[in-house]
Amino acid sequence: MKTPVKATLIAIAVAIVLAIVGIVYAMSQQAADLAPPEGEKLQTVRTDSHVLDDGGAGAVTVVEFLDFECEACAAFYPIVEDLREQYDGEITYVVRYFPLPGHINSTQAALAAEAAAEQDRFEDMYHRLFETQAQWGEQSEETPEVFRALAVDLGLDMAAYDAAVADPATLERVQADKSDGERLGVRSTPSFFIDGEPVVLEAWDDLEAAIEEAVNG
């Protein structure tokens, strides 16, 4: 193997390892982060929260605070999709925004999702954002045109989309979710709550175990 090629492969391997270490570290931090204020019981779901699956009366409610630009959220995305299918009809799955300040495009992505939600297309945009994260994540400046292109691909009413993105009320809606999350003790993403109680993630299957216990408990 030629030296330059070998060096490139080593660099790629190191980058992958560092990414995995970063995701695992973020998961381990949630044990300390998810600590609701002592003596205060706060709601994890509001009437305007986005419900992906409604399990009906008696279903377990799972709430995820997420950042569409977060690599750990993207890593959990296929896990979440599998769990939604596995527990279909047994859980109500709710998604809430928690854009992190270190992610340049996270708020723009949330605005795109909220603008799509106004056209009853939240879940379609939710999927598209995670599927394309590698294309727009980790940028040095915001790229709203990328999200507008996703809206075009989804066939949204673009006049309504543009108006929603520009409307200060849309940003306020995103910020309201984040404010709720902060009051609940959320500091990193993804952060999960089951029936109002925080889920501590220390391993990849902790979310599934928590849901299974709640459903069968």
Side-chain angles (χ1 to χ4, degrees), residues 23-24 26-37 40-100 106 109-110 113-114 116-117 120-131 133 173-217:
I23 291 171
V24 172
M27 290 168 58
S28 68
Q29 292 302 296
Q30 289 187 331
D33 291 338
L34 287 180
E40 186 176 359
K41 184 68 173 180
L42 296 174
Q43 62 187 16
T44 56
V45 181
R46 292 185 178 273
T47 56
D48 63 351
S49 294
H50 297 302
V51 178
L52 297 184
D53 302 308
D54 187 350
V60 169
T61 299
V62 182
V63 178
E64 178 183 3
F65 283 86
L66 60 76
D67 175 340
F68 286 110
E69 192 172 351
C70 166
E71 291 182 348
C73 293
F76 261 96
Y77 169 67
I79 296 174
V80 165
E81 292 305 293
D82 286 345
L83 291 174
R84 288 178 58 199
E85 181 177 358
Q86 181 179 345
Y87 292 97
D88 183 36
E90 298 180 284
I91 66 173
T92 293
Y93 201 89
V94 181
V95 171
R96 305 195 66 183
Y97 307 115
F98 199 85
L100 297 170
S106 57
E114 189 60 21
D120 296 322
R121 299 292 299 279
F122 174 82
E123 185 168 359
D124 292 332
M125 184 62 80
Y126 160 86
H127 290 305
R128 193 63 62 88
L129 288 169
F130 278 128
E131 290 165 358
Q133 186 195 83
R173 169 68 182 77
V174 173
Q175 292 174 331
D177 267 8
K178 186 172 185 183
S179 294
D180 278 357
E182 290 172 341
R183 285 192 290 270
L184 286 162
V186 175
R187 297 292 180 270
S188 58
T189 56
S191 287
F192 298 93
F193 292 80
I194 295 181
D195 286 340
E197 297 297 325
V199 179
V200 177
L201 299 177
E202 296 179 338
W204 292 108
D205 59 353
D206 283 347
L207 178 60
E208 179 177 3
I211 292 176
E212 182 176 2
E213 181 179 358
V215 168
N216 298 322

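All values below were derived from every heavy atom in this structure, side-chain atoms included, with hydrogens, water molecules and symmetry-related copies excluded.
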Quick one: ring pair (Phe, Tyr, Trp, His ring centres under 6.0 Å) partners of F65, sequence neighbours excluded? F193
Go through the structure and list residues passing side chain to side chain contact (heavy atoms under 4.5 Å, CB included) with D120, not counting sequence neighbours. none
Paired with D124, the side chain to side chain donor-acceptor pair (under 3.5 Å) test is passed by just one of H127, R121, R128, namely R121
Under the ring pair (Phe, Tyr, Trp, His ring centres under 6.0 Å) test, which residues partner Y93, sequence neighbours left out? none
Taking only distance into account, with no hydrogens and no angle test, what donor-acceptor pairs under 3.5 Å do side-chain atoms of residues 208-217 form with protein atoms, sequence neighbours excluded?
from : atom 1 : to   : atom 2 : distance (Å)
N216 : ND2    : E212 : O      : 3.2

Compare every heavy atom of L129 with every heavy atom of A113, then report the nearest pair and how far apart it is. CB-CD1, 4.1 Å
How about F68 and Y77: are their ring centres within less than 6.0 Å of each other? no
My understanding is that only residues two or more places apart in sequence, or in another chain, count here; which of them pass ring pair (Phe, Tyr, Trp, His ring centres under 6.0 Å) with F122? H50
Ignoring hydrogens and angles, tell me if any N or O in the side chain of T92 forms a donor-acceptor pair with the backbone of G55 under 3.5 Å. yes
For the pair L201 and L207, evaluate side chain to side chain contact (heavy atoms under 4.5 Å, CB included) and give the outcome as yes or no after the intermediate values. CA-CA 7 Å; L201 299 177; L207 178 60; 4.2 Å; yes
Sub-4.5 Å side-chain heavy-atom contact between V200 and D206: no
Measure the spacing between CG of D205 and CD1 of I79 and express it to the nearest 0.5 Å. 9.0 Å
CG (L52) and CD (E64) are apart, to the nearest 0.5 Å, by 8.5 Å
Is V174 close to P99 at the side-chain level, that is, under 4.5 Å between some pair of heavy atoms? yes
Kindly compute the distance separating OG (S191) from CG (L184), expressed to the nearest 0.5 Å. 9.5 Å
Reported SG-to-CD distance for the pair C70 and Q133, which is rounded to 0.5 angstrom: 7.5 Å
Exercise: identify the closest heavy-atom pair between G56 and D54: N-OD1, 2.9 Å
Please round to the nearest 0.5 Å and tell me the distance separating atom OH of Y97 and atom OG1 of T189. 14.5 Å
Kindly say whether Q175 contributes a backbone atom to a donor-acceptor pair with the side chain of S179 at under 3.5 angstrom? yes
Which pairs with one or both residues in residues 84-100 pass salt bridge (Lys or Arg N to Asp or Glu O under 4.0 Å), sequence neighbours excluded? D53-R84, E81-R84, R84-E123, R96-D177, R96-D180
Is any side-chain heavy atom of M125 closer than 4.5 Å to one of E114? no
Smallest separation among heavy atoms of D67 and S106, with atom names: OD1-CB, 3.0 Å
Within the 4.5 Å heavy-atom criterion, are F76 and F130 side-chain neighbours or not? no
Determine whether F192 and V80 make a side-chain contact, defined as any pair of heavy atoms from C-beta on separated by less than 4.5 Å. yes
Yes or no on side chain to side chain contact (heavy atoms under 4.5 Å, CB included) for V60 and I194, after CA distance, side-chain angles and deciding distance? CA-CA 7 Å; V60 169; I194 295 181; 3.5 Å; yes
